[in-house]
Amino acid sequence: MVVATKRAREGEKLTTIQMYKRSNGEFGIRNHLLIIPTVICANQVANRVMQLVPDSVAIPHQHGCSQIGADKQRTFDVLAGTGKNPNVGAVLIISLGCEVIDPAELAREISRTGKRVEWFDIQSVGGSIKAIQHGTQLAKEMRAELDRMEQVAAPLAALKIGVKCGGSDATSGLCSNPALGAAVDQLIASGGSAVIGETTEIIGAEHVLAQRAADEPTKQRLYDIVAAFEAEVTRMGEDMRGGNPSPGNIAGGLTTIEEKSLGCISKGGTTPIKGVIEYAEALPQDGQGGLYFMDSPGNDIECVSGMAAGGVHLVCFTTGRGTPTGSAVVPVIKITGNKQMYERMQDNMDVDVSDVLQGGLTLQQAGEAIWQGIVEVAGGKLTKAELLGHTEFSINRIGPSL
Amino acid sequence: MKERVEQGAASIVMHESDDVATALESLQAEQQVVVRIGEASILMKLKQPIPFGHKFAIRALPAGTEVRKYGEVIGRASKAIALGEHVHVHNLEGIRGRGDQASKGG
């Protein structure tokens, strides 16, 4: 637990963190053995294997079949991106054998990182029991290989983080989001990369964000993705309010999507937005770091899963109402500006910056405390979500089931 | 917002051009509060209880007025709002993401 205090250390000059080196030159802050079911039909076998192999993580999901086109591609991209995430050391893919997501193609795509990837299908192996046995043998062998890896000193500039807010209330925009923004500015000043998303939650604030676009195409793209989303709301013929802001946001004092958005955007800090990337698209690696925008839904799990698929090492997640969510392959650092909630839900909260609202901390000091939390978690300290076994995973859909 | 919140402040105004303050503690109806707006302060009386994190009007807002927080428009007054009144979903509506109005041609 990190509690922000006035003593929060100023500008520690850290330049390296101990990480796992991958054969493609990337570094991971965790060393997961990931078990991917290609389709919902393989979830149970994947879960059983996970239960039998300590320190493995599975990502059961609802998708992988009866999908076509861009919707099928998006499911593939999220599964592949999660496998390619630098926190993942090796991947076991479990297929049913007749689904639309091709396990061999998925294995090939993840293998491009150089990590070990194995796959098999339940139909060929001969049913659930044999598949569980076969998968467990493979997974135990892969886990043992990963356990022999040692960490090396990696440059701080290698760090890529996602920023997200969920279960927001008025304190999010007043305090935890701008404090997180200060931490993001510090990461970027250190050469690192960050990604902010939630297209739905910049509606009404896109003109503020667009002023920070590094170039004209990025600015136009920000306006375009918001317009596309708003057109979808128009097509549905509904008021966003009630869905977003949600009932909890409203109880917490947020009245309109514009108000929520204006409070949301400060979590990205103040640096230029270098580009807009697709949901689950890998963050550009030009060696310069910087801030990117991912065109993603506001939904917490879908957004965090998309960022993890984009290759971030961890996600900083602000909340005022309180939420326990974690993620399968990336640590999620929970940050709050709501003191009462922090006291109720300490099990789930990592960093308390609520003292900003009592005048005890400046936003800069709160940002410093968050930055310290990021460095500790990147160095191996487990988040509350990791300690509690939160491994939420969800894939954004853009088409109907067939 | 200023870098540091004033210690013990009961509410905060995020930008000088704002029409609303946000309560930093639960406030009571009829309570007198001092609200800081930039360098100036105003003394005003609240019309309703304002829960922590909720907003109240720091000036009278006729129906249809665009209402500001963070120095930006957060919606439109759906009815006249008096000084010191609770500002929330009952009297402030969103302008954006209104598929309901688009479907009525409004």
Side-chain angles (χ1 to χ4, degrees), chain A residues 168-175 178 182 200 202-208 226 229-245 249-263 265-266 320-321 337-340 355-365, chain B residues 1-15 18-27 36 49-57 66-78 81 86-106:
Chain A
S168 297
D169 69 3
T171 65
S172 304
L174 263 44
C175 164
T200 38
I202 63 168
I203 293 175
E206 68 271 37
H207 58 293
V208 182
V226 170
F229 193 87
E230 220 171 352
E232 191 62 15
V233 176
T234 300
R235 189 187 64 78
M236 291 174 74
E238 298 288 342
D239 184 353
M240 274 186 71
R241 186 154 77 185
N244 201 347
N249 298 150
I250 293 170
L254 299 176
T255 307
T256 63
I257 188 63
E258 293 95 320
E259 181 185 14
K260 186 175 173 184
S261 295
L262 289 159
I265 57 171
S266 57
R321 306 293 291 171
N338 186 322
K339 193 163 211 64
Q340 288 169 345
D355 207 18
V356 168
L357 295 178
Q358 273 80 53
L361 273 180
T362 64
L363 281 175
Q364 206 56 43
Q365 287 167 330
Chain B
M1 164 181 156
K2 286 203 303 271
E3 177 61 18
R4 188 188 285 276
V5 176
E6 199 182 343
Q7 285 205 358
S11 69
I12 185 168
V13 176
M14 299 301 284
H15 190 275
D18 286 359
D19 300 306
V20 292
T22 303
L24 293 177
E25 55 193 70
S26 290
L27 305 173
R36 274 191 78 97
I50 312 293
F52 169 76
H54 286 231
K55 298 174 289 298
F56 56 90
E66 288 188 342
V67 176
R68 286 177 182 266
K69 179 183 172 184
Y70 303 106
E72 300 287 337
V73 175
I74 60 165
R76 188 183 289 129
S78 55
I81 303 173
H86 187 205
V87 176
H88 205 16
V89 291
H90 60 287
N91 56 13
L92 176 63
E93 62 176 359
I95 300 168
R96 304 287 304 278
R98 293 299 299 270
D100 57 325
Q101 290 186 341
S103 67
K104 287 180 212 139

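Chain A is the first sequence line, chain B the second, and so forth, proteins listed ahead of strands; every chain is numbered from 1. When reading the values below, keep in mind they use all heavy atoms of this one structure, side chains included, and skip hydrogens, waters and symmetry mates.
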- Message: If I measure from the heavy atoms of chain B, does A/N338 come under 4.5 Å with its side chain, its backbone, both, or neither?
- Response: side chain
- How close do A/F229 and A/I203 get, heavy atom to heavy atom, and via which atoms? CD2-CD1, 4.0 Å
- Query: What residues form a side chain to side chain contact (heavy atoms under 4.5 Å, CB included) with A/A205, not counting sequence neighbours?
  - Reply: A/S261, A/L262, A/I265
- Which residue out of A/M240, A/E259, A/E232 racks up the most heavy-atom pairs below 4.5 Å with chain B? A/E259
- Non-hydrogen atoms of chain A under 4.5 Å away: do they reach the side chain of B/V67, the backbone, both or neither? neither
- Sequence neighbours excluded, which residues qualify as side chain to side chain contact (heavy atoms under 4.5 Å, CB included) partners of B/R76? B/E93, B/I95
- Top contributor to chain A interface from B/H88, B/H54, B/K69 [non-hydrogen pairs under 4.5 Å]: B/H88
- Query: In terms of heavy-atom pairs under 4.5 Å with chain A, which of B/G97, B/A23, B/G53, B/G94 leads?
  - Reply: B/G97
- Message: Could you check whether any side-chain heavy atom of B/H86 comes within less than 4.5 Å of a side-chain heavy atom of B/P51, counting everything from C-beta outward?
- Response: yes
- Under 3.5 Å, is there a donor-acceptor pair linking the side chains of A/S168 and A/K260? no
- Item | Top of A/T255, A/T256, A/I257, A/T171 for chain B proximity - count of heavy-atom pairs under 4.5 angstrom | A/T255
